[in-house]
Amino acid sequence: SRIWGGIHPPIDDIPGRIMGEAIGREAFEFAVPYFNSTIINNPNEEMVVYPNPVLNKEVFVTHTTATDAFNIFDIHGRLIKLQDTNFNDTTGITRLTFPNSTSAGFYVLRVNGTSRVLIVRD
């Protein structure tokens, strides 16, 4: 109906469909490693936190070191004590394990002054 109503005339619609297909495929390929926990640590990129939403009370953070400080806060600003922090020296990726008592909701991960919003699912 938007095409017939003149909102998306063929001159815009056809190129948009072509671009959308290409962008969709690239976006899918980019996203798959985040859900499979197989992301490759590229030293030229910034810190990446995955998977987000957090599954199984576990999250991975790329571009980290053994001395990095990790803090998790709930939406009220309360510090949540992590159950485990495991740094992999080979990959530069740290695995953070939330306590089993962590409820679903929004949290803030703070790593050495850099913050990321996390969504935790049950």
Side-chain angles (χ1 to χ4, degrees):
S1 66
R2 294 174 64 89
I3 293 171
W4 298 114
I7 297 168
H8 291 290
I11 196 159
D12 293 334
D13 182 56
I14 302 303
R17 289 181 192 208
I18 294 168
M19 288 187 308
E21 182 178 352
I23 292 168
R25 290 179 193 273
E26 288 181 26
F28 179 81
E29 291 300 321
F30 179 80
V32 166
Y34 290 92
F35 292 96
N36 293 337
S37 299
T38 57
I39 190 167
I40 297 170
N41 195 1
N42 184 342
N44 297 325
E45 294 179 4
E46 63 180 49
M47 174 182 72
V48 176
V49 180
Y50 68 97
N52 193 9
V54 178
L55 306 172
N56 302 322
K57 308 285 194 236
E58 186 174 81
V59 69
F60 298 88
V61 184
T62 65
H63 299 84
T64 57
T65 66
T67 60
D68 286 340
F70 299 93
N71 293 304
I72 302 283
F73 299 92
D74 66 12
I75 60 171
H76 300 290
R78 294 179 294 219
L79 180 65
I80 306 297
K81 184 174 179 178
L82 290 166
Q83 182 175 326
D84 186 37
T85 302
N86 187 328
F87 173 69
N88 184 321
D89 190 38
T90 305
T91 63
I93 297 174
T94 300
R95 179 177 48 99
L96 306 174
T97 306
F98 288 67
N100 289 330
S101 61
T102 305
S103 59
F106 291 92
Y107 293 84
V108 175
L109 168 65
R110 189 158 176 87
V111 182
N112 300 330
T114 300
S115 297
R116 297 285 193 274
V117 174
L118 298 176
I119 300 169
V120 174
R121 288 189 175 169
D122 281 334

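This is a predicted model, so every value here is computed, not measured.
Note on Val111 and Val54: same hydrophobic cluster, where clusters join Ile, Leu, Val, Met, Phe, Trp and Tyr whose side-chain heavy atoms are under 4.5 Å apart, directly or indirectly. Cluster annotation: Phe70 is connected to Phe98 through the hydrophobic network of ILVMFWY side chains, with a link wherever side-chain heavy atoms come within less than 4.5 Å.
Remark: Asn86 pairs with no residue by the side-chain hydrogen bond (donor to acceptor under 3.5 Å, both in side chains) rule, at least two apart or across chains. Listed by chain and number, the residues in a side-chain hydrogen bond (donor to acceptor under 3.5 Å, both in side chains) with Glu58 are Arg95 (sequence neighbours excluded). Residues satisfying the salt bridge (Lys or Arg N to Asp or Glu O under 4.0 Å) criterion with Glu26, sequence neighbours excluded, are absent altogether. Partners of Ser101 according to the side chain to side chain contact (heavy atoms under 4.5 Å, CB included) rule, which considers only residues two or more places apart in sequence or in another chain, are Pro99. In terms of the side-chain hydrogen bond (donor to acceptor under 3.5 Å, both in side chains) criterion, residue partners of Ser115 (sequence neighbours excluded) are, by chain and number, Arg110. Thr102 is linked by a side-chain hydrogen bond (donor to acceptor under 3.5 Å, both in side chains) to nothing, counting only residues two or more places apart in sequence or in another chain.
The nearest pair of heavy atoms linking Thr62 to Met47 is O-CG, 3.6 Å. Of all the heavy atoms in Glu46 and His63, the pair that sits closest is O-ND1, 3.4 Å. Taking every heavy atom of both residues into account, Asn52 and Ile119 meet most closely at OD1-N, 3.0 Å.
To the nearest 0.5 angstrom, Phe60 atom CZ is 10.5 Å from Thr94 atom OG1. A distance of 7.0 Å separates CG in Asn88 from CD1 in Ile93, rounded to the nearest 0.5 Å. Summarising the geometry, atom CG belonging to Asn112 is positioned 7.0 Å from atom OG1 belonging to Thr67; distances are rounded to the nearest 0.5 Å.
Looking at Leu118 and Phe106, their side chains never come closer than 4.5 Å, going by heavy atoms from C-beta outward.
Within the structure, salt bridge (Lys or Arg N to Asp or Glu O under 4.0 Å) contacts touching residues 61-73 (residues at least two apart or in different chains) do not occur.
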Indicate every side-chain donor-acceptor pair of residues 71-82 with a distance under 3.5 Å to a residue at least two apart or in another chain.
unit_1, atom_1, unit_2, atom_2, d
Asp74, OD1, His76, N, 2.9
Asp74, OD1, Gly77, N, 3.0
Asp74, OD1, Arg78, N, 2.9
Asp74, OD2, Arg78, NE, 2.7
Asp74, OD2, Arg78, NH2, 2.9

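Using a 4.0 Å cut-off between a side-chain N of Lys or Arg and a carboxylate O of Asp or Glu, Arg25 and Glu21 qualify as a salt bridge.
Hydrophobic cluster membership of Ile18, counting Ile, Leu, Val, Met, Phe, Trp and Tyr whose side-chain heavy atoms lie under 4.5 Å apart directly or via other members: Ile14.
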